[in-house]
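First comes the structure, then the notes that go with it.
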Amino acid sequence: MELKETVYDLAKQLSDKKAVDISIIHIGERASFADYFINATAGSDRQLDALTDVIEDRAAELGLPLRGAEGKVGSGWTLIDCGDIIVNIFTAAQRERYSLDKIWSDCDTETFEE
């Protein structure tokens, strides 16, 4: 599976589990640590934890390197490092607070919709 297909696969997993406002940002031209961000919003901390588990499980199935997950317990933001793909799952308040979509707005961005 090519990298972009893998990105869409992970985004679909989030969508299937009712994450909202899913964006895919191609950061590869501006960053050396990854090629893509996938940003998504969870409706609650409980959903955030469930979405984190879904992404970690799917990444393992796809053979992606799981370099770690940060901020998992009650922080309102989880970052899952899958090598060339970094998945950020936020509560709405934390997504607004950190504004990663705005910070990386000079990169190609698309909204994931099925």
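Heavy atoms only: backbone and side chains are in, while hydrogens, waters and symmetry mates are out. When a residue number appears, it is its place in the shown sequence, counting from 1. Only a predicted model underlies this, so the values are computations on that prediction, with no experimental measurement involved.
Considering OH of Tyr36 and SG of Cys107, their distance stands at 11.5 Å, rounded to 0.5 Å. Residue Thr52 holds its OG1 atom at 10.0 Å from CD of Gln47, rounded to the nearest 0.5 Å. Here the CG-NZ distance, from Asp53 to Lys17, works out to 10.5 Å after rounding to the nearest 0.5 Å.
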Trace of the side chain to side chain contact (heavy atoms under 4.5 Å, CB included) decision for Ile80 with Glu56: CA-CA 8 Å; Ile80 307 161; Glu56 289 176 335; 4.3 Å; yes
So Ile86 and Ile38, side chain to side chain contact (heavy atoms under 4.5 Å, CB included) or not? Walk me through it. CA-CA 6 Å; Ile86 296 181; Ile38 302 172; over 6 Å; no
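Pairs passing the ring-ring contact (aromatic ring centres under 6.0 Å, His included) check and including a residue from residues 43-66, sequence neighbours excluded, do not occur. For residues 78-94, there are no salt bridge (charged side-chain N to carboxylate O under 4.0 Å, His left out) pairs, not counting sequence neighbours.
Evaluation of the side-chain hydrogen bond (donor to acceptor under 3.5 Å, both in side chains) rule for Asp9 yields Arg58 as partners, not counting sequence neighbours. Legend: residues meeting side-chain hydrogen bond (donor to acceptor under 3.5 Å, both in side chains) with Ser44, ordered by chain and number and at least two apart, are absent. Annotation: side-chain hydrogen bond (donor to acceptor under 3.5 Å, both in side chains) contacts of Asn88 (sequence neighbours excluded): Asn39, Trp77. Partners of Glu5 according to the side-chain contact (heavy atoms from CB on, under 4.5 Å) rule, which considers only residues two or more places apart in sequence or in another chain, are Met1, Glu2. Take Lys4 and apply the salt bridge (charged side-chain N to carboxylate O under 4.0 Å, His left out) test, not counting sequence neighbours, and it matches Glu110. For the side-chain hydrogen bond (donor to acceptor under 3.5 Å, both in side chains) test, residues two or more places apart in sequence or in another chain that qualify with Arg30 are Asp106.
When the side chains of ILVMFWY residues are joined at heavy-atom separations under 4.5 Å, either directly or via intervening members, Tyr98 and Phe37 end up in a single hydrophobic cluster. In the hydrophobic clustering of this structure, Val20 does not group with Val87; members are Ile, Leu, Val, Met, Phe, Trp, Tyr whose side-chain heavy atoms approach within less than 4.5 Å, directly or through other members. Hydrophobic cluster membership differs between Val54 and Leu64, with clusters built from Ile, Leu, Val, Met, Phe, Trp and Tyr side chains linked at under 4.5 angstrom. Put simply, Leu14 and Leu62 are part of the same group of oily side chains (I, L, V, M, F, W, Y) that touch within less than 4.5 Å, one to the next.
Leu10 and Ala59 make their closest contact through CD2-N, 4.3 Å (heavy atoms, listed as atom of the first residue, atom of the second, distance).
The closest side-chain heavy-atom distance from Phe112 to Val7 is not below 4.5 Å. With contacts defined as side-chain heavy-atom distances shorter than 4.5 Å, the pair Thr78/Glu70 does not qualify. You'll find the side chain of Asp35 stays beyond 4.5 Å of the side chain of Ile85, heavy atoms only.
Proximity of a side-chain donor or acceptor of Ser15 to a complementary backbone N or O of Lys12 within less than 3.5 Å is not detected.
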Less than 3.5 Å apart, which donor and acceptor atoms pair up between the side chains of residues 21-29 and the rest of the protein, not counting sequence neighbours?
| residue | atom | partner | partner atom | Å |
| --- | --- | --- | --- | --- |
| Ser23 | OG | Arg95 | NH2 | 3.2 |
| Ser23 | OG | Asp101 | OD1 | 2.7 |

